[in-house]
A.B. asks: 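Below is a structure I'd like to ask you about.
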Amino acid sequence: MKTRLELKETVRNMENRTETGQWKDEPKAQKKGRLPKTHQDYWGGRLRKRAYLSPDGKTEIQIPLWQVRLHHVGREGWFNLGTANQAAAAIKARDIHVFLKANGWAATLVKFKPDSDAAPRLNLTLGEYLNAVKATGYLRLRTFLNYQTCLRTLVSEAFGVRGDDSKYDYRHGGNKKWAERVNGIRLERVTSARVIAWQQRRLKEAGNSPVAMASAKRTANSYVRCARSLFGKDILKRVKGVQLPSKLPFDGVELFESGNTKYVSKMDAKALIAAARTELKPNEPETYKVFLLGLFAGMRRAEIDLAEWQMLDWQKGVLKLEETEWLHLKTHDSAGEISIDSEVMAELRQLKPASESPFIIASVVTWGKGKKKRTRTRQPRNDSARAYYRCEPIFDRLNEWLRSKGIKANKPLHEMRKEIGALIATEHGIYAASRFLRHSDITTTARHYADHCQRSLKTSQRGSNENQPL
């Protein structure tokens, strides 16, 4: 039986994550000149079943599995052999020793102690790092996949890993083959210099058109923001078993000047509302409801897709947006009560009796004609790794209708959210707009609507001056 002092010393060593917790009364290695260290019998007498103290410090608890302590080039370490069978443990101890002599400590720890904090993965590839980030579980799967796609796209273009249209083929393995080529690139080769060269090449390919150049800058900035998020502090402190380069890929990489991102209204909201009430309400009620939630509630596409009738408080005139079994909000600040005009609430109340869906928007797909006409309800999904919208056909239809009314933005539905944000900023100021749009940071609101707030301030000052006596 070991003394309490010796046991405490071992426990202290284990708590300090050291590999040197050897019993003081452990017998010295017997000299077996007839057996080389490559023979399994050499290790039979060198196996140990170590122990630790119970929480009360009174009981010695023995670990049932055999362990062995190995020495190499001035360093030592304990290895759990994963078995209570002494013969099997001796064979594994021999194998670890042989591998250690041939490959050194770093590779041995990676192979035989992959969960150890001291086991860095050598020659880390992009794919191995992505797997390590995914294993942390810190990012929501859809968010991780979005960041991963951006990083792979950036790296593939930076290294000239060309791919034809098959890289978008997720069903028949085309995307998998392309991803494997990109994943095989060593992370240490993804330097900031390469990223900067990629940015410049993206901009050069846009040509001399100011509009095209501005678009290229926004796209490049979006890729960089998403890709470098995989190397954020919160992720790096959670990633285990990898040895990162001394300089990370995005160290020193700056974004392009975003230029003017102020929202400029290009729609006649009154005319648009009148047209929607005349054309959409009687013929396409689901499309009309999307229009109402997009323009008057400023809701995002995913929020509209999965908003439920029970979220509407008819008495207070608000929609209480919160996470559900299906709806995962963009940020914590996305939750909250959205004030909706009484006239819009009346429109929704009028449309509710015809709905048999728990969701405000009933997504029904129709195809065929006459007797062959078929309908199917698109169900919500929370198991999709990629973006999925049950109302996508309705969103596409509304976008088509909005474009026919002169809205040429890339995302017409999202343009309505911008429009209501601009109107609120003009009438009530930037803080009111930020709260209504549920931005997590008011700087986001200011970036797009500061000009509208300035107009609001000038208008109020002018009105104040007009009321003053001459």
A.B. asks: Can you sort out the partners of Gln350 under side-chain contact (heavy atoms from CB on, under 4.5 Å), two or more places apart, ordered by chain and number?
C.D. replies: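 In terms of side-chain contact (heavy atoms from CB on, under 4.5 Å), with neighbours along the sequence ignored, Gln350 is linked to Lys281, Glu347.
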A.B. asks: Within the 3.5 Å criterion, strictly below it, is a donor on Trp401 or Thr287 matched to an acceptor on the partner's side chain?
C.D. replies: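 Thr287 and Trp401 do not have a side-chain donor-acceptor pair below 3.5 Å.
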A.B. asks: Look at the side chain of Arg390 and the backbone N and O of Asp305, then say whether any donor-acceptor pair between them is shorter than 3.5 Å.
C.D. replies: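 Yes.
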A.B. asks: Can a side-chain donor-acceptor contact be found between Trp78 and Gln67 if the only test is distance below 3.5 angstrom?
C.D. replies: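 Trp78 and Gln67 do not have a side-chain donor-acceptor pair below 3.5 Å.
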A.B. asks: Parallel under 30°, tilted from 30 to 60°, perpendicular over 60°: which one fits the rings of Trp314 and Trp309?
C.D. replies: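 Trp314 vs Trp309 ring planes: parallel.
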A.B. asks: Please state whether the rings of Phe231 and Tyr129 are parallel, tilted or perpendicular, taking 30° and 60° as the class boundaries.
C.D. replies: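 Because their plane-to-plane angle is under 30°, the rings of Phe231 and Tyr129 count as parallel.
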A.B. asks: Under 4.5 Å between any side-chain heavy atoms of Leu145 and Gln148, yes or no?
C.D. replies: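 Result yes, sub-4.5 Å side-chain heavy-atom pair found.
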A.B. asks: With a 4.0 Å cut-off, would you call Glu286 and Lys289 a salt bridge?
C.D. replies: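 A salt bridge links Glu286 with Lys289.
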A.B. asks: Tell me every residue that passes side chain to side chain donor-acceptor pair (under 3.5 Å) with Lys405, counting only those two or more places apart in sequence or in another chain.
C.D. replies: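 Once residues adjacent in sequence are excluded, the partners of Lys405 under the side chain to side chain donor-acceptor pair (under 3.5 Å) criterion are Glu279.
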A.B. asks: Flag yes if more than 12 heavy atoms outside Asn283 fall under 6.0 Å of its CG atom; otherwise flag no.
C.D. replies: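 Count over threshold, so yes.
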A.B. asks: Rounded to the nearest 0.5 Å, what separates atom CD in Glu322 from atom CD in Glu337?
C.D. replies: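 It is 10.0 Å, given to the nearest 0.5 Å.
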A.B. asks: For the CG atom of Leu293 and the CG atom of Leu312, what is their distance to the nearest 0.5 Å?
C.D. replies: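 So the gap between those two atoms works out to 7.5 Å.
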A.B. asks: Establish, for the pair Arg189 and Phe159, whether the NZ or CZ atom is under 6.0 angstrom from the six-membered ring centre and no further than 45 degrees off its axis.
C.D. replies: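 Negative - Arg189 is either too far from the ring of Phe159 or too far off its axis.
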A.B. asks: Grab the two heavy atoms, one from Gln199 and one from Leu255, that are nearest each other, plus how far apart they are.
C.D. replies: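 Scanning both residues completely, I find the closest heavy atoms to be NE2-CA, 4.4 Å.
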